[in-house]
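A short worksheet on the structure shown next.
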Amino acid sequence: MIKLRYCLSLLILSLAACAPPAPEAGKQQAAAERIDVAPASAGDIEAVRSAIKAHVPDLDPEHVRATPLPGIYEIQIGMNFGYVTADGRYLIAGDLTDLQTRKEITEDSRRVARATLVSNLEKDGFIEFAPEATKAKYTVTVFTDIDCGFCRRLHSHIKEYNDQGIAVRYVFFPRSGADTDSFYKAEQVWCSADQKGALTQAKLGAPIAGDRSCKNPVAEQLQAAGDLGLRGTPSIILANGDLVPGYRQPAELLKLLQAAEATPTG
């Protein structure tokens, strides 16, 4: 019994660690539709919540959804997903996949959560490098750390990404945390009159002129990285919510974008 309580405590802590803003109702509906499951009724959802809390009072999922398995519900806290029986007694940890259709049911839910969280960031909170001659065919959101070597390598090819029709929207993720040199550099870049020029200089290791006293989104973006469960930089989020970890060469990223465009999720 002690061991069971200990394991549940660890589960609760891990599930509560990375909670993003709640997805809009329409996007929750879309997630259910993509896996061909009618959304559960409000009464069913509340019954499952009550059953879970009866067994583990501290476990309060942000979302409870129906799945293709009768009597099995998906629960979400942040970027953590699990599956429970309708009576709240049994918890299944791990990803759910339909082997017949190859639908990645859990990963589809993660994609929705990632895309929603990124869309909830301040609309003017990005530093974007986009193609100048033509309209971008793809837009990716890149969580970057000014002092990250692979982030600098990615940025050194920024023109090549743009030439491939890829717009890069940078979001700051100083991995060293708040109130550190990397965090302050990000603020300085944001507060510069020429943000794109300052970011390029910073990634070359050059000192950045200017202060960091302006209103800036660095703290919010650092929190978003935590909510997404990101562990390293660069972390690339595609428009469909796919997470591409690490540096990818322009041609490789283009192939990933084309594959994501050609492959429906769910």
Side-chain angles (χ1 to χ4, degrees), residues 23-24 26-27 30 34 107-108 110-173 185-186 188-206 208 210 214 216-218 220-221 224-225 228 230 232-266:
E24 299 168 13
K27 293 182 178 177
R34 285 211 306 271
E107 185 58 28
D108 278 352
R110 289 196 190 96
R111 290 184 182 105
V112 171
R114 291 191 198 105
T116 300
L117 193 150
V118 170
S119 71
N120 285 341
L121 292 173
E122 290 186 26
K123 302 303 180 185
D124 57 352
F126 305 100
I127 298 179
E128 182 173 302
F129 289 76
E132 296 181 357
T134 60
K135 183 179 179 180
K137 184 172 183 181
Y138 304 103
T139 298
V140 298
T141 302
V142 178
F143 283 77
T144 190
D145 182 337
I146 287 173
D147 293 320
C148 153
F150 282 106
C151 296
R152 291 180 173 183
R153 182 181 297 183
L154 185 153
H155 191 69
S156 71
H157 296 286
I158 196 68
K159 184 178 184 302
E160 295 170 57
Y161 292 107
N162 290 167
D163 289 344
Q164 299 274 18
I166 304 170
V168 175
R169 302 192 310 178
Y170 280 120
V171 176
F172 289 114
F173 175 21
K185 289 175 186 177
Q188 283 182 293
V189 166
W190 184 265
C191 292
S192 298
D194 178 8
Q195 292 178 328
K196 292 168 65 174
L199 183 58
T200 296
Q201 288 302 307
K203 285 184 176 291
L204 291 172
I208 312 164
C214 74
N216 65 78
V218 178
E220 177 199 5
Q221 293 175 359
L228 284 164
L230 303 183
T233 51
S235 288
I236 306 170
I237 309 292
L238 308 191
N240 70 345
D242 268 339
L243 169 62
V244 179
Y247 163 70
R248 304 301 171 103
Q249 295 179 357
E252 181 184 4
L253 182 58
L254 178 61
K255 288 181 180 179
L256 291 172
L257 287 162
Q258 290 170 337
E261 183 180 51
T263 306
T265 57

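Computed from a predicted structure; not experimentally measured.
For the pair W190/C214, a side-chain contact is recorded, criterion being any heavy-atom separation below 4.5 Å from C-beta on. Residues F173 and D145 are not in side-chain contact: their nearest non-hydrogen atoms beyond the backbone lie 4.5 Å or more apart. For the pair T141/I236, no side-chain contact is recorded, criterion being any heavy-atom separation below 4.5 Å from C-beta on. The side-chain heavy atoms of L243 and I237, taken from C-beta on, include a pair separated by under 4.5 Å.
In this structure, CZ on R114 lies 14.0 Å from OG on S119, to the nearest 0.5 angstrom.
Side chain of E160 to backbone of P250: no donor-acceptor contact under 3.5 angstrom is found. At least one donor-acceptor pair closer than 3.5 Å links the side chain of N162 to the backbone N or O of I166. Not one N or O on the side chain of E122 forms a donor-acceptor pair closer than 3.5 Å with the backbone of Q221. Between the D242 side chain and the N240 main chain, no donor and acceptor come within less than 3.5 Å of each other.
Side-chain atoms of K203 and T144 form a donor-acceptor pair, as typed in the model, at a separation below 3.5 Å. Side-chain polar atoms of E261 and Y138 form a donor-acceptor pair below 3.5 angstrom.
Counting only residues at least two apart or in different chains, salt bridge (charged side-chain N to carboxylate O under 4.0 Å, His left out) contacts with residues 125-135 are absent.
Within 6.0 Å of CD on Q249 lie no more than 12 heavy atoms contributed by other residues, nucleotides or ligands.
A tilted orientation is assigned to the rings of Y170 and H155, their planes being inclined by 30° to 60°.
Between E252 and K255, no side-chain nitrogen of the basic residue sits less than 4.0 Å from a carboxylate oxygen of the acidic one, so the salt-bridge criterion is not met. Here D147 pairs with R152 in a salt bridge; the nearest charged N to carboxylate O distance falls below 4.0 Å.
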Please evaluate residues R169 and T139 with respect to the criterion side chain to side chain contact (heavy atoms under 4.5 Å, CB included), reporting the C-alpha separation (whole Å), side-chain torsions for both, the decisive distance (0.1 Å), and the verdict.
CA-CA 7 Å; R169 302 192 310 178; T139 298; 3.7 Å; yes
